[in-house]
There are 2 protein chains.
Amino acid sequence: MAGRPRDPDLEQRLLATAWSLLTSNGYDALTLTQVAAQAGAHRTDVYRRWRSKVRLVADVLDTYLPPVPDPDTGTLHGDLRAFAQDLAGAWNEPWNDGLVGFLADLRGDGEAGRTFRALVSRRSQPLVDAIARAVRRGEIAEVPELPFVGNLLEGPLMHRRMFGGGPLTPEELDVVTWSVHRLLTGTSVKP
Amino acid sequence: MAGRPRDPDLEQRLLATAWSLLTSNGYDALTLTQVAAQAGAHRTDVYRRWRSKVRLVADVLDTYLPPVPDPDTGTLHGDLRAFAQDLAGAWNEPWNDGLVGFLADLRGDGEAGRTFRALVSRRSQPLVDAIARAVRRGEIAEVPELPFVGNLLEGPLMHRRMFGGGPLTPEELDVVTWSVHRLLTGTSVKP
DNA sequence: CCAATTCGCAACAAGTTGTAGCGATACCGT
DNA sequence: ACGGTATCGCTACAACTTGTTGCGAATTGG
């Protein structure tokens, strides 16, 4: 009733290899042939565990993406700036803007999409917490647009990286930080 | 000294067909075989004119992307809101968020990248003009972060479309509009 | 010892981008 | 009129992808 057990290491090795190749070559250049070969396995071993490349990568990100630090600097502005810094570090990595290809593939796979969206949501928790702290300190009022703040902070940085020239600059981080800070400290969204 | 002339229609037909397929199926599903077939030509005809798929699409966008309207509503906020509305319309088109694949391919082709960046820069002109008008009206001071404002406005909408669920809502447009407006009307970026 | 399941491996299917080659066709300058 | 020249229509090929199928060998539980 139970056959040969699945090599427990193999799954880990495949994930680790995929993460390594992903971060060095980007998503589009990542091939399952490469992953399997470098993990000392066969492409079939990959397909026995993940239905497609996009699902493998979704799991890789879920496993290896470093967690978002929760800065807790004491001020809302300090926290926001820290988040911006962290995001900029990520988007300045060349492989990361190669993730656009992953996002494209994601649209064709509902399950992988759900996995990834859960990941994104989990990773925005520190920002939500930071804002909650600021509310508790009385620094700002309740924030009705809370679910959109993450987009407001990361969006400009991502956009600038995709369409613009070189790496993100400290000045740009300042601008985006102040833009969000101003929105949150305003008395209300509409004057 | 001059051979058979190039069919002047063919180039147009290929561009038009590519635009049609791009807007209905998205970038990733666009194949040059399809383009050629539907334009009544052969794949070789495409390669005789464009070195690669990404360059064809860069030219297609350059040719067919509708221009950004210049609203001139009389107030900075009105203009910003109009831009946000326009951008949301574009990003709510399903094919448009398929453009992430195009952006990915763009990284591997310097020439196409330049073409596209010139396009983006041209399309941000109305926003620059709107801000200049606001400065002339005395509504706001000079804007040092001018080249980043476009990212600030479009970034959150694009990010939200890529990572979030359904289409962009009017409330989100309000938030992003006010966020930029607040930044621009502030006395200075750093308090 | 037997059934079940994975593993290692080879081969295949279908699709993509991009290249090569060739006769036929149409144009330009002389 | 004619020769050079470049495009056109077409076929074929190369190299690569993702994803599937099949089968003997290995390894475990019952």
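Below, read A as the first sequence line, B as the second, and so on, with proteins coming before strands; counting in each chain starts at 1. This is a predicted model, so every value here is computed, not measured.
- Looking only at side-chain heavy atoms (C-beta outward), R160(B) and L168(B) come within less than 4.5 Å of each other.
- The CD-P distance, from Q34(A) to dC16(D), rounds to 12 Å in whole Å.
- The residue among A41(B) and R51(A) whose nearest nucleotide of DNA chain D lies closer to the 5′ end is A41(B).
- The CG-P distance, from D9(B) to dC8(D), rounds to 11 Å in whole Å.
- One finds a side-chain N or O of R49(B) lying less than 4.0 angstrom from the OP1 or OP2 phosphate oxygen of dC8(D).
- In this structure, L119(B) and F163(A) have side chains that are not in contact, with every pair of non-hydrogen atoms separated by 4.5 Å or more.
- Residue-to-nucleotide contacts include a donor-acceptor pair under 3.5 Å from the side chain of T44(A) to the base of dC9(C).
- We find that CZ of R6(A) is positioned 8 Å from C1' of dT6(C), with the value rounded to whole Å.
- Straight-line distance from the CG atom of D7(A) to the P atom of dT27(D): 11 Å, rounded to whole Å.
- Summarising the local packing, CZ of R137(B) is surrounded by more than 12 heavy atoms from other residues, nucleotides or ligands at distances under 6.0 Å.
- For R43(B) and R4(B), each mapped to the nucleotide of DNA chain C holding its nearest heavy atom, the one lying further toward the 5' end belongs to R43(B).
- The backbone N or O of G166(A) sits less than 3.5 Å from a side-chain atom of R161(A), completing a donor-acceptor pair.
- Across the protein-nucleic acid pair, D45(A) atom CG and dC7(C) atom P stand 6 Å apart, rounded to whole Å.
- For L32(A), the side-chain atoms get nearest to dG19(D) when compared with the rest of dG19(D), dG18(C), dC8(D).
- Contact check, H42(A) against dC9(C): a side-chain N or O comes under 4.0 Å of OP1 or OP2.
- Contact annotation for L56(A): no contact, since no heavy-atom pair falls under 4.0 Å across all strands.
- Here dT6(C) presents its P atom at 14 Å from CH2 of W50(A), a figure rounded to the nearest Å.
- Between K53(A) and R48(B), the one whose closest nucleotide on DNA chain D sits nearer the 5' end is R48(B).
- Put simply, the side chain of T23(A) gets close to the backbone of W19(A): a donor and an acceptor are under 3.5 Å apart.
- The nearest whole Å value for the distance from the CG atom in D105(B) to the P atom in dT17(C) is 10 Å.
- Atom OH of Y47(B) and atom P of dA12(D) are 19 Å apart (whole Å).
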